[in-house]
Number of protein chains: 2
Amino acid sequence: MGATKTDNFTQNQNELATFAKALGHPARVAIIEYLMNSDKCITGEIVDIIPLAQATVSQHMKELKQAGLIKGNVEGNAVCYCIDCEKWEEFKKMLNNIFEKLDKPVCC
Amino acid sequence: MGATKTDNFTQNQNELATFAKALGHPARVAIIEYLMNSDKCITGEIVDIIPLAQATVSQHMKELKQAGLIKGNVEGNAVCYCIDCEKWEEFKKMLNNIFEKLDKPVCC
DNA sequence: TTGCTTTATTGCAATATTACGATATAGATT
DNA sequence: AATCTATATCGTAATATTGCAATAAAGCAA
């Protein structure tokens with residue numbers, strides 16, 4: 001097939017998978033790291049930072065935006081991209097629910 | 001193309017992306033949740049839990065194993081799968097490095 | 001208006017992923 | 001040995017992802 005059977009899973013599982021999938025590419029990790037480290041919103045600098053063609057970077061931005069991990073405000077000529085902190089808090093919470101279990105003594 | 005250009009990114013970025021990608025499917029999220037919640041290693045129960053064909057589940061297990069998130073020990077007839085805690089700690093650390101930045105005041 | 005800059009979109013090719021039935025393999029059971 | 005049980009693998013089909021060049025769109029500057 002090729003299409004994920006999302007119907008069979010909980011909304012939570014699907015949402016966590018969506019976040020994780022969006023982060024599942026080194027270019028997108030790099031973009032997120034860059035956005036997290038900058039204290040201002042960033043536009044075309046990302047194209048200079050990521051060693052991929054502009055069209056490819058734009059596509060990665062789109063995927064991050066669709067997953068909800070970043071926001072993009074049009075600002076005159078350019079677009080101001082930034083972290084969507086609320087979504088990241090949600091992501092963090094979901095992952096912490098999983099990480100919690102690691103503290104249990106039984107870990108084979 | 002279709003193949004990710006891993007050469008262009010740091011080892012850290014690639015590793016985080018690999019972990020995230022492995023978690024980027026609801027079935028694999030469900031498998032991890034199940035393994036995290038059980039106090040014993042699990043074998044074929046996963047096939048009963050996940051609403052997908054046995055072959056498909058086996059494939060997902062393989063991907064989780066390849067990413068390093070789970071371990072599988074052959075135990076007689078069956079295979080005992082379990083969380084690879086060390087890898088998960090590594091995953092957790094990498095994500096916390098990113099989550100840390102969320103506390104900064106500037107978040108547009 | 002004409003061109004420049006920035007970003008998005010389109011079209012395309014290569015490769016990867018998802019899913020399943022059928023089959024293989026390997027240990028357990030009778 | 002014959003059979004059952006549990007997993008893995010193979011083959012195949014459908015769809016998704018990655019990447020780029022070329023082009024479009026939208027605002028800015030001259």
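Convention: sequence-line order gives letters A, B, ...; per-chain numbering from 1. Worth saying up front: this structure is predicted, and the values here are computed from it rather than measured.
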Quiz item: B:F9 versus A:L52: any side-chain heavy-atom pair under 4.5 Å?
Solution: yes
Quiz item: With a 4.5 Å heavy-atom cut-off, do A:F99 and A:N96 have their side chains touching?
Solution: yes
Exercise. Report the distance from atom CG of B:L52 to atom C1' of D:dA8, rounded to the nearest whole Å.
Key: 16 Å
Self-check item: Among D:dA6, D:dT9, C:dT18, the nucleotide that comes nearest once only the side chain of B:A78 is considered
Solution: D:dA6
Quiz item: Whole Å only: how far is the CD atom of A:Q59 from the C1' atom of C:dG11?
Solution: 12 Å
Quiz item: Which part of the nucleic acid, if any, lies within contact of A:E63, taking any heavy atom under 4.0 Å across all strands shown: a base, the sugar-phosphate backbone alone, or nothing?
Solution: sugar-phosphate
Practice problem: Using whole Å, report how far CD of B:Q54 lies from P of C:dT23. | Solution: 15 Å
Quiz item: Starting at the 5' end of DNA chain C and moving along, which residue's nearest nucleotide shows up first, A:T6 or A:K65?
Solution: A:K65
Quiz item: Does a side-chain N or O from A:K62 land closer than 4.0 Å to OP1 or OP2 of C:dT7, or not?
Solution: no
Exercise. Scan A:A55 against the nucleic acid and name what it touches under 4.0 Å (heavy atoms): base, sugar-phosphate only, or nothing.
Key: base
Practice problem: Decide yes or no for A:I70 and A:I32: does some side-chain heavy atom of the first lie under 4.5 Å from some side-chain heavy atom of the second? | Solution: yes
Practice problem: Please check the phosphate of D:dT17 (OP1 and OP2 only) for any side-chain N or O of A:K21 closer than 4.0 Å. | Solution: yes
Quiz item: D:dT18 P sits how many Å from A:Q66 CD, rounded?
Solution: 12 Å
Self-check item: A:N97 and A:L16, any side-chain heavy atoms less than 4.5 Å apart
Solution: no
Exercise. Compare side-chain N and O positions of A:S58 against OP1 and OP2 of C:dT7 and report whether any pair is under 4.0 Å apart.
Key: no
Exercise. Evaluate whether atom CD of B:E89 has more than 12 neighbouring non-hydrogen atoms of other residues, nucleotides or ligands under 6.0 angstrom away.
Key: yes
Practice problem: Classify the nucleic acid contact of A:T4 as base, sugar-phosphate or nothing, counting any heavy atom under 4.0 Å across all strands shown. | Solution: sugar-phosphate
Quiz item: Just to confirm, is there a sub-4.0 Å distance from OP1 or OP2 of C:dT17 to any side-chain nitrogen or oxygen of B:H60?
Solution: no
Quiz item: In whole angstroms, how far is the C1' atom of D:dA6 from the CG atom of B:N77?
Solution: 5 Å
Exercise. Could you say whether A:P51 or B:G44 is positioned toward the 5' end of DNA chain D, judged by the nucleotide with the nearest heavy atom to each?
Key: B:G44
Quiz item: Can you tell which of C:dT15, C:dT7, D:dC20 lies closest to the side chain of A:V79?
Solution: C:dT7
Quiz item: CG of B:N73 versus P of D:dT7: gap in Å, rounded?
Solution: 13 Å
Quiz item: Are side-chain heavy atoms of A:I49 and A:V57 found at a separation under 4.5 Å?
Solution: no
Practice problem: Have a look at B:T56 and say if it touches a base, only the backbone sugar-phosphate, or nothing, with a 4.0 Å heavy-atom cut-off. | Solution: base
Quiz item: When you check the phosphate oxygens OP1 and OP2 of D:dA8, does a side-chain N or O of B:Y81 lie under 4.0 Å from one of them?
Solution: yes
Quiz prompt | Nucleotide C:dT7, atom C1' - distance to CE of A:M61 in whole Å | solution = 10 Å
Quiz prompt | B:E75 CD - C:dA26 P separation (whole Å) | solution = 18 Å
